[in-house]
Amino acid sequence: MASNGLVKIDYAAAESDINKINQAISFLNDSLGSLRVLNTTASAIQGETGSAIVEKSNQLTQEINIMIGFLNSSSSLIRETIDRYQRDDLTLAREQMQEG
């Protein structure tokens, strides 16, 4: 908090964090596409090897979807925090103008 009572957020850093999160989500979505191809190919393999590959790719798909959900939540929380502090800063600035 700055000495004048206003909360200061480094908006550029927050946007940079959100961009990094979006890049990670993009990478994970690309991985999901590769797993879909692997799953399709492995489905055609006869025997236990194909089944094992399909099983593992399904597990990895679930784990990646969970990670994407966490990253989306993180991005939303960053945006909500920025919005909240911007509103708080505006409210404090108005109060100081009325007092001053």
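For the numbers below, each heavy atom of this structure counts, side chains included, while hydrogens, waters and symmetry mates do not.
Nearest heavy atom pair, residue Leu38 against residue Ser57, reads CD2-CB, 4.3 Å. Contact detail for Leu71 and Ile21: the closest heavy-atom pair is O-CG2, 3.4 Å. Closest of all the heavy-atom pairs between Ile53 and Ala42 is CG2-CB, 3.3 Å.
Residues Leu28 and Ile18 are members of one and the same hydrophobic cluster, defined by side-chain heavy-atom contacts under 4.5 angstrom among Ile, Leu, Val, Met, Phe, Trp and Tyr. Hydrophobic clustering keeps Val54 apart from Ile45 (ILVMFWY residues linked when any side-chain heavy atoms are closer than 4.5 Å, directly or through intermediates).
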- [ ] Take Ile82 and Gln86, measure what side chain to side chain contact (heavy atoms under 4.5 Å, CB included) needs, and give me the verdict at the end.
- [x] CA-CA 6 Å; Ile82 290 170; Gln86 284 177 328; 3.9 Å; yes
Task: CA sep, side-chain torsions, deciding dist, call: Arg84, Arg87, side chain to side chain contact (heavy atoms under 4.5 Å, CB included) - done: CA-CA 5 Å; Arg84 188 184 91 223; Arg87 284 191 309 273; 3.8 Å; yes
Task: Worked verdict on Asn65 versus Leu32 for side chain to side chain contact (heavy atoms under 4.5 Å, CB included) - done: CA-CA 8 Å; Asn65 282 323; Leu32 285 174; 3.4 Å; yes
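Under the 3.5 Å distance criterion, the side-chain polar atoms of Thr41 are matched with a main-chain donor or acceptor of Val37. With hydrogens and angles ignored, the 3.5 Å screen pairs no side-chain donor or acceptor of Asn39 with any backbone N or O of Leu35.
Annotation: the span from Phe27 atom CZ to Ile64 atom CD1 amounts to 8.5 Å, rounded to 0.5 Å. For the atom pair Glu99 CD and Gln96 CD, the distance stands at 7.0 Å (nearest 0.5 Å). Atom CD1 in Ile78 sits 11.0 Å away from atom OG in Ser73 (nearest 0.5 Å). To the nearest 0.5 Å, the span separating CD on Glu55 from CG on Leu60 amounts to 11.0 Å. Note that OG of Ser51 and NZ of Lys56 are 15.0 Å apart. Values are rounded to the nearest 0.5 Å.
The hydrophobic cluster containing Ile66 also includes Phe70, under a criterion of side-chain heavy atoms closer than 4.5 Å among ILVMFWY residues, counted directly or through chains of members. Leu77 shares a hydrophobic cluster with no other residue; no ILVMFWY side chain has heavy atoms under 4.5 Å from its own.
Residues passing the side chain to side chain contact (heavy atoms under 4.5 Å, CB included) test with Gln46: none are found, sequence neighbours excluded.
In summary, the side chains of Glu63 and Gln59 do present a donor paired with an acceptor at a separation below 3.5 Å, with no hydrogens or angles considered.
One finds a salt bridge joining Arg79 and Glu15 here, because a Lys/Arg side-chain nitrogen approaches an Asp/Glu carboxylate oxygen to under 4.0 Å.
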